J.: 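Let me give you the structure first, and then I'll get to my questions.
Letters A, B, ... are given to chains in the order of the sequence lines, protein chains preceding strands, and every chain is numbered from 1. When reading the values below, keep in mind they use all heavy atoms of this one structure, side chains included, and skip hydrogens, waters and symmetry mates. Predicted model only: the values in this text are computed from it and were never measured.
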Amino acid sequence: MKFTLEKRSASFSARAGTIQTAHGIIKTPVFMPVGTHATVKALSNDELEAANAQIILGNTYHLYLRPGMEVMQAAGGLHKFMNWNKPILTDSGGFQIFSLAHLRKIEGDVITFRSHIDGSLHRFSPETSMEIQRILGSDIVMVFDECTPYPCDHEYARKSLQTTHRWEKSSKDHFQSRDPLYGHSQALFAIVQGSVYEDLRYESVKYLTDEGFDGYAIGGLAVGEPKDIMYDLTQKVCDKLPEDRPRYLMGIGKPEDILQSIARGVDMMDCVLPTRNARNGSVYTWDGKINLKNHRYKKDFTPLDPECGCYACRNHSRAYLHHLYRQNEILGMRLNSMHNIHFFLELTRRAREALMEDRFPEFYRDFFTRYPVEKDHSKENIVHRENRRKRHIEADESG
RNA sequence: GGGUCAGUGGCCGAGUGGUCAAUGGCAUCAGACUGUAAAUCUGACGGCGGAAGCCUACGGUGGUUCAAAUCCAUCCUGGCCCA
């Protein structure tokens, strides 16, 4: 893998570059659609390519459980399995340790996990995660980490960071001790943790850059902390990261977060929001998010976004999409997903274009002049997440 | 004509003397969703009021009772059975 820095904004930390991988070049800044189960939900590869997707994500934990490694190995890796011939980045399963916390037990460097599907016991370690990602054959492999929750006191964050660093070192050692399985090279990215604590974040950057990785991710953000903290830490961490390596802000975000992150020096982002919200009836436009299920769209025969060139906008009206959503028709979810993915990719594409043409500040300003930034729901989201978790547990217990 | 069962808020449906403006579900109206246990979750949902509260409501009417969606009488409407 090779990262080339092509352009730097004069007044922002934003930058444009390219990442050469075994499956092609990625132009950054880039948004990466999430395809947890070897599918970007509701979209075919053709549709992803029509939206100009350059790279997609897969998930170690989920693909390990289903379809399982035997299948993946027999298929010849994730690219062949899903017939996606462009770059793939796989998450290490670290996020699932956080989001499925009640099903796990951490003992030293081994995590005992109960499958959320059938309750079966599994043992995970940095080594396991690397082996799985070798079998998946992703172009970019993520180290195994712990994503700290929020709120999280300094002492917990410090201990968690120690563990995470140890795991990252083991990940690297194990990764380097094995060869790729399918004849193409794989890159390994580290993940900066440290919760909301500046000192820990700096310590993490220092440790990981001393160790040396192909790229650096920022993890553990957008887990419920206030927005200003998230933006501030993104800026501070990016400022300390080496210029000649790609930076990946994990799990971010809303359109405004994506642009704010790019402005702070982030090259790569991913988020489930465009696909999940599409299925739940929310779509994004240059004038803000719209909730398609609202009564006001019942007779709105304009496209979602008149400027958008996606299939849904070229062919259908808000009224039609409103109808499909309310009928719970599967096409509605597909069209909304096509649109949202197109929008997120177009946002990063335009940001890159502006950077290359030395007009990023204008682009940034124009975007925020027009796009109404959503209220910060970070506090409620903690409660929501907790409620949902409880419901899942109750559902498990009742059968 | 006789018998019998039933009529509950926009719909379906629980409740069978007070804790009932009345469980649920659907529909409706909003909101949320950030490395996907997510085609999911949350809230509102008779009227007026900021609230305490007041008013109107469980087919109609009239009763019993301190108190009725719930008991009694009668009428109306519908299902089923018998003639």
J.: Closest approach to the side chain of A/Ala222, judged atom by atom: which nucleotide of B/U34, B/U36, B/A32 is it?
T.: B/U34
J.: Using only side-chain N and O atoms of A/Ser99, determine if any of them is under 4.0 Å from OP1 or OP2 of B/A37.
T.: yes
J.: Check A/Leu221, A/Val223, A/Ile218 against A/Met230 for a side chain to side chain contact (heavy atoms under 4.5 Å, CB included) and give me the one that passes.
T.: A/Leu221
J.: Is A/Gly332 touching bases, backbone alone, or none of the nucleic acid, heavy atoms closer than 4.0 Å?
T.: nothing
J.: Nearest to the A/Lys293 side chain among B/A39, B/A37, B/G31, which nucleotide is it?
T.: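 The answer is B/G31.
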J.: Are the side chains of A/Glu47 and A/Arg334 in contact, using a 4.5 Å heavy-atom criterion?
T.: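 Heavy-atom side-chain distance check passes, below 4.5 Å.
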J.: Specify the separation, in whole Å, of atom CG of A/Leu273 and atom P of B/U40.
T.: 17 Å
J.: Parallel under 30°, tilted from 30 to 60°, perpendicular over 60°: which one fits the rings of A/Tyr371 and A/Phe367?
T.: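 Parallel.
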J.: Can you give the dot-bracket line for RNA chain B, where a pair is Watson-Crick or G-U wobble with both atom distances under 3.5 Å, crossing pairs use [ ], and | marks a partner on another strand?
T.: ((((((((.[[[..)..(.....]]].(((((.......))))).(((....)))...[[[[[..)....]]]]]))))))).
J.: Inspect the surroundings of CD in A/Gln176 and state if more than 12 heavy atoms from other residues, nucleotides or ligands are less than 6.0 Å away.
T.: yes
J.: B/C33 phosphate, OP1 or OP2: any side-chain N/O from A/Lys254 under 4.0 angstrom?
T.: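 For A/Lys254, the contact criterion (side-chain N or O under 4.0 Å from OP1 or OP2 of B/C33) is met.
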J.: State whether A/Lys289 places a side-chain N or O below 4.0 Å from either non-bridging phosphate oxygen (OP1 or OP2) of B/G31.
T.: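 No, outside the criterion.
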J.: Which one, B/G35, B/U36, B/U40, comes nearest to the side chain of A/Tyr325?
T.: B/U40
J.: Closest nucleotide of RNA chain B for A/Asn59 versus for A/Ile330: which of these residues is on the 5' side?
T.: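 Closest to the 5' end, via its nearest nucleotide, is A/Asn59.
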J.: So, applying side chain to side chain contact (heavy atoms under 4.5 Å, CB included) with A/Pro87, which one of A/Ile140, A/Ile25, A/Ile55 is it?
T.: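 That would be A/Ile55; it is the only one of A/Ile140, A/Ile25, A/Ile55 passing the side chain to side chain contact (heavy atoms under 4.5 Å, CB included) with A/Pro87.
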J.: Quick one: on RNA chain B, does A/Asn291 or A/Gly219 contact a more 5' nucleotide (nearest heavy atom)?
T.: A/Asn291
J.: Applying the side-chain hydrogen bond (donor to acceptor under 3.5 Å, both in side chains) criterion to A/Asp139, which one of A/His79, A/Gln186, A/His184 satisfies it?
T.: A/His79
J.: Output the single nucleotide from B/A30, B/G35, B/U36 whose closest atom is nearest the side chain of A/Asn294.
T.: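 That would be B/A30.
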J.: Using the side-chain heavy atoms of A/His295, tell me which of these nucleotides is nearest: B/A32, B/C29, B/U34.
T.: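 Of B/A32, B/C29, B/U34, B/C29 is nearest to the side chain of A/His295.
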J.: Any idea which of B/A39, B/U34, B/A37 is nearest the A/Val272 side chain?
T.: B/U34
J.: For A/His165, give me all partners under ring pair (Phe, Tyr, Trp, His ring centres under 6.0 Å), at least two apart in sequence or on another chain.
T.: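 Here the qualifying residues are A/Tyr207.
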J.: Per the salt bridge (Lys or Arg N to Asp or Glu O under 4.0 Å) rule, what does the pair list look like for residues 79-92 of chain A, sequence neighbours excluded?
T.: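 For residues 79-92 of chain A, and leaving out neighbouring residues, the salt bridge (Lys or Arg N to Asp or Glu O under 4.0 Å) pairs sorted by first residue read A/Glu49-A/Lys86.
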J.: Answer with base, sugar-phosphate or nothing: what part of the nucleic acid does A/Asp257 contact at a heavy-atom distance below 4.0 Å?
T.: base
J.: Any side-chain N or O of A/Arg326 below 4.0 angstrom from OP1/OP2 of B/U28?
T.: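 Answer yes for this pair, as a side-chain N or O of A/Arg326 is under 4.0 Å from OP1 or OP2.
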J.: Given B/A39, is OP1 or OP2 found less than 4.0 Å from the side-chain N or O atoms of A/Arg276?
T.: no
J.: At less than 4.0 Å, is any side-chain N or O atom of A/Gln96 found next to OP1 or OP2 of B/G35? Yes or no.
T.: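 Checking A/Gln96 against B/G35: no side-chain N or O falls below 4.0 Å of OP1 or OP2.
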J.: Is the shortest side-chain N/O distance from A/Asn277 to OP1 or OP2 of B/U34 below 4.0 Å?
T.: no
